[in-house]
Protein chains: 4
Amino acid sequence: MFSDSPNNPSASPPECWTAREAELLAVTLRLLQTHGYDRLTVEAVASEAKASKATMYRRWPSKADLVLAAFIHGTKESAVAPRTGSLRGDLLAIGASVCQSLREHTSTMRAVLNEMSHSSALSAAMQDNFVHHRNVLMNEVLCEAVERGEIDAGVINPEIWDTLPGYLVFRSMVADRPPTEETVSMLVDEVLLPSLQRTRS
Amino acid sequence: MFSDSPNNPSASPPECWTAREAELLAVTLRLLQTHGYDRLTVEAVASEAKASKATMYRRWPSKADLVLAAFIHGTKESAVAPRTGSLRGDLLAIGASVCQSLREHTSTMRAVLNEMSHSSALSAAMQDNFVHHRNVLMNEVLCEAVERGEIDAGVINPEIWDTLPGYLVFRSMVADRPPTEETVSMLVDEVLLPSLQRTRS
Amino acid sequence: MFSDSPNNPSASPPECWTAREAELLAVTLRLLQTHGYDRLTVEAVASEAKASKATMYRRWPSKADLVLAAFIHGTKESAVAPRTGSLRGDLLAIGASVCQSLREHTSTMRAVLNEMSHSSALSAAMQDNFVHHRNVLMNEVLCEAVERGEIDAGVINPEIWDTLPGYLVFRSMVADRPPTEETVSMLVDEVLLPSLQRTRS
Amino acid sequence: MFSDSPNNPSASPPECWTAREAELLAVTLRLLQTHGYDRLTVEAVASEAKASKATMYRRWPSKADLVLAAFIHGTKESAVAPRTGSLRGDLLAIGASVCQSLREHTSTMRAVLNEMSHSSALSAAMQDNFVHHRNVLMNEVLCEAVERGEIDAGVINPEIWDTLPGYLVFRSMVADRPPTEETVSMLVDEVLLPSLQRTRS
DNA sequence: TCATAAGCGAGACGGTACGTCGTGTCTTACG
DNA sequence: CGTAAGACACGACGTACCGTCTCGCTTATGA
């Protein structure tokens with residue numbers, strides 16, 4: 001499905017699209033949200049953007065590549081560390097940010113997910129561009145909380161520190177019960193903080 | 001994509017397939033896990049099962065309907081309450097069960113997810129047949145723990161009580177970091193139990 | 001296409017249909033004239049006649065057999081020697097009779113023609129049941145004319161004595177210029193009679 | 001069956017096919033002669049010609065259109081006025097030419113005939129491209145004979161002047177008794193010439 | 001200033017899956 | 001037992017999309 005370049009797996013694409021390319025990706029994103037992956041056709045994107053299929057395929061060798069690029073393009077601007085000054089504030093900020101991303105890109109993410117099974121490149125890209133960013137954020141926030149003395153360093157467990165974004169993603173993508181601000185605050189106050197603030201066993 | 005009957009959205013399909021139909025769904029499931037949604041062809045399923053395309057389409061009006069039916073068929077038998085006697089044991093059992101389901105049906109679930117955007121019927125079916133079952137399980141387990149006096153009734157919050165299955169699903173489907181037994185035990189011991197056993201605020 | 005029984009090519013079918021079977025053939029004939037061979041479906045015939053497909057196929061092993069039987073059934077009643085008392089009258093009567101048959105069964109004949117390429121049985125049946133009957137008629141009429149002394153026996157040429165019906169068939173089936181009574185009289189008066197009444201070379 | 005454009009029934013198609021298109025039609029014609037209309041599949045034509053179904057359907061919107069085009073393509077090159085110098089020679093030449101066409105295209109013509117019932121376009125095309133050409137030929141030949149003084153202008157009757165090709169077609173397509181050279185000479189010598197050379201009544 | 005090239009739109013192409021429909025066989029249940 | 005009803009395997013139909021490819025046409029530089 002994807003155009004893997006096995007000889008060059010780690011070569012990250014330029015990802016610095018020209019204005020025209022950004023426009024193509026924007027159209028892709030819009031149609032993707034409107035119609036979903038299966039009903040999205042490269043031809044429709046090209047037609048909508050007054051481009052030709054050759055132009056599309058010159059940049060993104062397959063439909064899946066195009067969708068991935070569109071997804072990355074549409075999500076890369078978020079994910080900046082909140083720095084609210086308190087662990088609770090940071091967690092709430094991260095939760096709000098994740099909720100925002102999810103609201104806009106649920107359909108796209110589902111499409112990308114569907115293709116991850118077949119493309120290690122896509123899977124990796126998804127990790128790097130969405131999951132990993134949130135992880136880094138969580139890590140930063142927790143480390144700062146340690147520095148501030150809010151929590152003990154020992155309670156930070158890489159295996160599960162992304163419970164917050166993870167659960168929110170689940171709620172939005174799988175459970176069809178999109179998370180609200182209240183969801184975030186409950187998760188933070190009733191699950192995460194009690195867990196993080198317990199005395200180390 | 002799906003054959004919605006808009007006038008009758010809540011009519012649940014019979015879902016009591018004959019042996020032959022179960023066989024067709026089993027073949028579908030196998031090919032789905034092997035090749036993924038996009039590369040799955042109805043003709044291949046029919047051919048593999050020595051059936052004809054007409055037979056497939058008579059039952060499931062489209063490829064997406066077929067995949068949904070196969071998913072439901074493949075996941076509906078699990079999800080029985082564990083009854084280990086302790087909250088921790090129950091939670092670990094649920095976690096293990098979810099992990100098992102996920103290992104087998106990741107690709108299928110991704111395909112179904114992808115289509116949920118466009119079909120309320122599919123979305124509802126997914127909720128009923130996968131998410132809701134786990135929720136009911138969690139609820140039962142927690143209620144029993146309350147009866148046993150292990151936890152306070154007040155800490156049970158419907159908004160977030162499916163954090164356990166939710167996060168596991170996220171790990172498997174989105175984060176491409178499939179959960180292990182260790183993941184489950186950490187989540188239970190370091191997050192859920194501390195949260196549930198805290199004194200009510 | 002046809003159910004040839006190669007070991008038994010000359011076995012003529014019973015052709016003595018029951019009332020029910022005649023009804024089925026009548027329905028076939030009607031649908032054939034309405035929709036043509038390609039658009040005729042055995043299922044439609046069965047449905048129209050409140051019969052089942054099995055009933056149809058039990059009698060006529062294929063669609064082509066059915067159509068052939070319907071054609072024979074619909075044309076076998078005509079073709080009786082005219083005996084008008086004069087060669088000219090007989091020829092005009094034959095011409096009129098052929099025109100009548102053609103008007104009713106053009107579509108059917110075309111359908112049967114189309115299948116003749118693939119079935120010697122059908123081809124033979126067409127010869128026996130349509131072409132040959134007209135030939136016998138022509139022969140009788142000409143012989144009687146010889147007996148009456150209207151023409152010389154030597155001018156009767158088996159190779160071409162069916163020019164009259166042959167040309168009329170051509171006009172109706174191929175040339176899409178259906179023959180009229182005038183066509184017949186012109187052919188008789190300006191071509192056939194001059195040819196038949198010439199002195200033997 | 002056919003793609004009639006009812007608003008534009010008399011618009012003759014370009015009929016100036018490219019080399020590639022001629023090749024596709026040639027393959028069609030060959031398979032048609034080999035297997036007949038019913039057993040001809042568009043996919044087989046495409047496969048044989050290393051083309052795709054889309055390419056076929058882009059040009060000829062249905063199987064019937066394809067067959068018609070192939071028939072026209074395969075028969076349009078013949079039918080040139082013979083000019084042997086005598087009426088008898090011309091008639092024999094026309095007869096031979098018709099016999100030749102029929103030998104090659106019997107199956108195709110039967111298929112086209114079968115479809116004429118449902119498509120005025122096809123019917124018209126058949127007239128223009130096969131029947132009419134022979135008629136024009138006959139007319140030319142007869143007029144030249146008049147100029148040469150061989151026959152009287154009055155004996156030429158448009159209603160029946162195509163008796164020669166008509167009867168030959170009947171013999172080949174309907175009577176399953178393909179005309180031979182002898183058939184032609186008998187028809188010419190014993191029927192047509194006596195008729196044409198008679199003194200006007 | 002013009003030509004040579006590079007990128008573009010348009011869209012035909014080979015391929016392949018879709019979903020529909022008709023044939024001819026078969027089974028089931030009714031009378 | 002024959003029949004009506006209709007499921008079934010098979011396979012062709014005609015449609016749509018993917019990814020490749022050729023065309024001209026426009027620009028944008030280099031002589």
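Below, all heavy atoms of this structure are taken into account, side chains as well, without hydrogens, waters or symmetry copies. Keep in mind that what you see is a predicted model, and the values were worked out from it rather than measured. Here is how names work: the chains are called A, B, and so on, in the same order as the sequence lines, proteins then strands, and each is numbered from 1.
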When the distance from OH of C:Tyr37 to C1' of E:dT23 is rounded to whole Å, what number comes out?
10 Å
Roughly, in whole Å, what's the span from NZ in D:Lys63 to P in E:dG22?
14 Å
Earlier contact from the 5' end, DNA chain E, for B:Tyr57 and D:Met56:
D:Met56
As a quick check of understanding, evaluate side chain to side chain contact (heavy atoms under 4.5 Å, CB included) for A:His105 and A:Gln33, giving each step before the final call.
CA-CA 7 Å; A:His105 300 295; A:Gln33 286 155 13; 3.6 Å; yes
Can we say D:Asp38 and D:Arg110 salt-bridge, meaning some charged N sits less than 4.0 Å from an Asp/Glu carboxylate O?
no
Salt bridge (Lys or Arg N to Asp or Glu O under 4.0 Å) partners for C:Glu43, two or more places apart:
none
Between P of E:dC18 and CG of B:Asp65, the distance in whole Å
13 Å
Quickly work out the D:Leu66 CG to F:dC13 C1' distance and round it to whole Å.
13 Å
Find the distance B:Arg39:CZ to F:dC18:C1' and express it as a whole number of Å.
13 Å
Using whole Å, what does the distance between atom C1' of nucleotide F:dC13 and atom CG of D:Asp38 come to?
13 Å
Do the non-hydrogen side-chain atoms of D:His73 and D:Glu21 ever get within less than 4.5 Å of each other?
no
Expected output: side-chain A:Thr28 to main-chain A:Leu24 donor-acceptor under 3.5 Å:
yes
Name the residue closer to the 5' end of DNA chain F, choosing between D:Thr41 and C:Ala46 according to the nucleotide with the nearest heavy atom.
C:Ala46
Would you give a per-nucleotide map of nucleotides 7-12 of chain E, 5' to 3', where B means the base has a protein non-hydrogen atom under 4.0 Å away, S means only the sugar-phosphate does, and - means neither?
-BBB-B
Do A:Leu40 and A:His35 touch side chain to side chain, with heavy atoms closer than 4.5 Å?
no
